[in-house]
Amino acid sequence: MRDLDQAALKLREVTLVLLDQEVSDEQVRRVAFGLVDEAALRAAATTVGEMASGDDGPDPEAWLSGYHTVRRFLPTLLRTLTFDSTPAGRPVVEGLRFLASLEGRRQPSLKGAPQAVIPRAWRVRVLPKRGEVDRPAYTLCVLQGLQRALRRREVFVARSERYGDPRSQLLRGDEWQAVKDDVCRGLGRSHDPEVELTLLGAELDLAYRQVAQRLPERFWQLNLSEAGVAQQVA
């Protein structure tokens with residue numbers, strides 16, 4: 001987040017130059033690169049591109065054009081693979097199971113479609129009218145969720161080497177109890193969750209306080225930057 005903040009602040013400085021009506025078109029690049037050199041500006045744009053979330057972008061529109069292609073393999077996918085999940089991936093698995101229940105049925109009703117899998121960016125397309133569910137949009141919404149959940153290891157396939165259960169190698173039961181103290185001691189952690197949560201809470205509180213202390217200084221630096229732009233234009 002610190003890298004993203006720094007990149008966003010650099011882009012803000014350049015954007016203020018671009019929006020400043022007092023800076024002529026011929027002066028924009030010179031003034032902007034006077035504040036942020038070209039290499040740093042390119043690096044900032046790369047950082048934002050890599051780290052900023054695009055969940056609310058035009059992504060659904062690009063997916064909707066592929067419905068007929070998806071229908072070629074979807075029945076086989078749903079019939080062949082059995083997906084399971086961590087708690088975070090449960091809405092996706094519920095959506096997949098619902099899609100599987102539609103296969104082989106003529107004009108099936110989608111009134112019972114699980115909606116927890118539908119993110120905000122998809123809701124207008126999946127639910128165009130009250131009480132209606134658009135099947136192509138719902139299908140592609142669930143498959144996009146599956147793609148993301150597989151990458152995050154929130155959904156997995158039993159016995160898959162690449163997309164298997166990420167928890168399968170964890171020690172459990174008596175095996176974990178036998179080595180728990182040694183592992184926690186080696187990592188410098190406590191096996192008592194209350195202790196760990198208290199420490200994390202203290203770290204978060206400290207971070208917020210440090211940010212609050214630096215805010216006046218940051219606003220002062222931004223004001224100086226804007227003043228510098230005005231001086232260069234003058």
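Just so it is clear, the values below take in all heavy atoms, side chains as well, and ignore hydrogens, waters and symmetry mates. Index from 1, following the sequence. On a predicted model such as this, the values are computed, not experimentally measured, just so you know.
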Inset, instruction - Please report the closest heavy-atom contact between R153 and T86, naming both atoms and the distance. - result: O-CG2, 4.0 Å
Legend entry - From CA spacing to verdict: side-chain contact (heavy atoms from CB on, under 4.5 Å), R189, V183: CA-CA 8 Å; R189 316 300 298 189; V183 171; over 6 Å; no
Legend entry - Spacing of CG belonging to L140 relative to OH belonging to Y67, to within rounding of 0.5 Å: 7.5 Å
Legend entry - Distance, nearest 0.5 Å, that separates CG of D134 from CH2 of W122: 9.5 Å
Inset, instruction - Answer yes if L199 and L204 sit in the same cluster of Ile, Leu, Val, Met, Phe, Trp and Tyr residues linked by side chain heavy atoms under 4.5 Å apart, and no otherwise. - result: no
Legend entry - Point-to-point distance, once rounded to the nearest 0.5 Å, from OG1 of T15 to NZ of K10: 13.5 Å
Inset, instruction - Please tell me if the side chains of Q27 and V17 come closer than 4.5 Å, counting only heavy atoms from C-beta onward. - result: no
Legend entry - Sub-4.5 Å side-chain heavy-atom contact between E154 and S85: no
Legend entry - L206 CG to E203 CD distance, which is reported to the nearest 0.5 Å: 8.5 Å
Inset, instruction - Could you check if a side-chain atom of D84 sits within less than 4.5 angstrom of a side-chain atom of V155, using non-hydrogen atoms only? - result: no
Inset, instruction - Is it possible for you to say whether L19 and V14 belong to one hydrophobic cluster, with membership spreading through side-chain heavy-atom contacts below 4.5 Å? - result: no
Inset, instruction - Determine, step by step, whether K111 and E132 satisfy the side-chain contact (heavy atoms from CB on, under 4.5 Å) criterion, reporting the C-alpha distance in whole Å, the side-chain angles of both residues, the deciding distance to 0.1 Å, and the verdict. - result: CA-CA 7 Å; K111 288 185 178 180; E132 292 186 10; over 6 Å; no
Inset, instruction - Looking only at non-hydrogen atoms, find the nearest pair between C141 and V126 and report the distance. - result: CB-CG2, 4.0 Å
Legend entry - Listed partners of D25 passing side-chain hydrogen bond (donor to acceptor under 3.5 Å, both in side chains), at least two apart: none
Legend entry - Hydrophobic cluster membership, L99 vs V93, 4.5 Å side-chain cutoff: yes
Legend entry - Closest approach of V117 to P91 (non-hydrogen atoms, all atoms of both residues): CB-O, 3.5 Å
Legend entry - Nearest heavy-atom neighbours spanning L146 and F83: CD1-CE2, 3.9 Å
Atom pairs and distances, side-chain donor-acceptor, residues 31-39, under 3.5 Å, sequence neighbours left out:
residue: D37; atom: OD1; partner: A39; partner atom: N; Å: 3.1
residue: D37; atom: OD1; partner: A40; partner atom: N; Å: 2.9
residue: E38; atom: OE2; partner: R42; partner atom: NE; Å: 3.2
residue: E38; atom: OE2; partner: R42; partner atom: NH2; Å: 2.9

Inset, instruction - Please determine if R79 and E103 form a salt bridge, counting it only when a charged side-chain N lies under 4.0 Å from a carboxylate O. - result: no
Inset, instruction - Indicate, with yes or no, if I118 and L74 share a hydrophobic cluster defined by side-chain heavy-atom contacts under 4.5 Å among Ile, Leu, Val, Met, Phe, Trp and Tyr. - result: yes
Inset, instruction - Answer whether the closest heavy-atom distance between the side chains of L77 and L96 falls below 4.5 Å. - result: no
Legend entry - Between CZ on residue R97 and OG1 on residue T82, distance to nearest 0.5 Å: 8.5 Å
Inset, instruction - Evaluate whether atom CZ of R29 has more than 12 neighbouring non-hydrogen atoms of other residues, nucleotides or ligands under 6.0 angstrom away. - result: no
Legend entry - Side-chain donor or acceptor of Y138 paired with backbone N/O of P114 under 3.5 Å: yes
Inset, instruction - Could you check if a side-chain atom of D182 sits within less than 4.5 angstrom of a side-chain atom of R185, using non-hydrogen atoms only? - result: yes
Legend entry - R148 side chain to Q144 backbone, donor-acceptor under 3.5 Å: no
Inset, instruction - Compare every heavy atom of V28 with every heavy atom of L18, then report the nearest pair and how far apart it is. - result: CD1-CG1, 4.4 Å
Inset, instruction - Report yes if the side chains of V133 and L127 come closer than 4.5 Å at any heavy-atom pair, otherwise no. - result: yes
Inset, instruction - For the residue pair E196 and D192, establish whether any side-chain heavy-atom pair is separated by less than 4.5 Å. - result: no
Legend entry - Hphob cluster co-occupancy, L187 + L197, side-chain heavy atoms under 4.5 angstrom: no
Legend entry - R209 with D205: basic N within carboxylate O range, under 4.0 Å: yes
Inset, instruction - Grab the two heavy atoms, one from F98 and one from S109, that are nearest each other, plus how far apart they are. - result: CZ-O, 4.0 Å
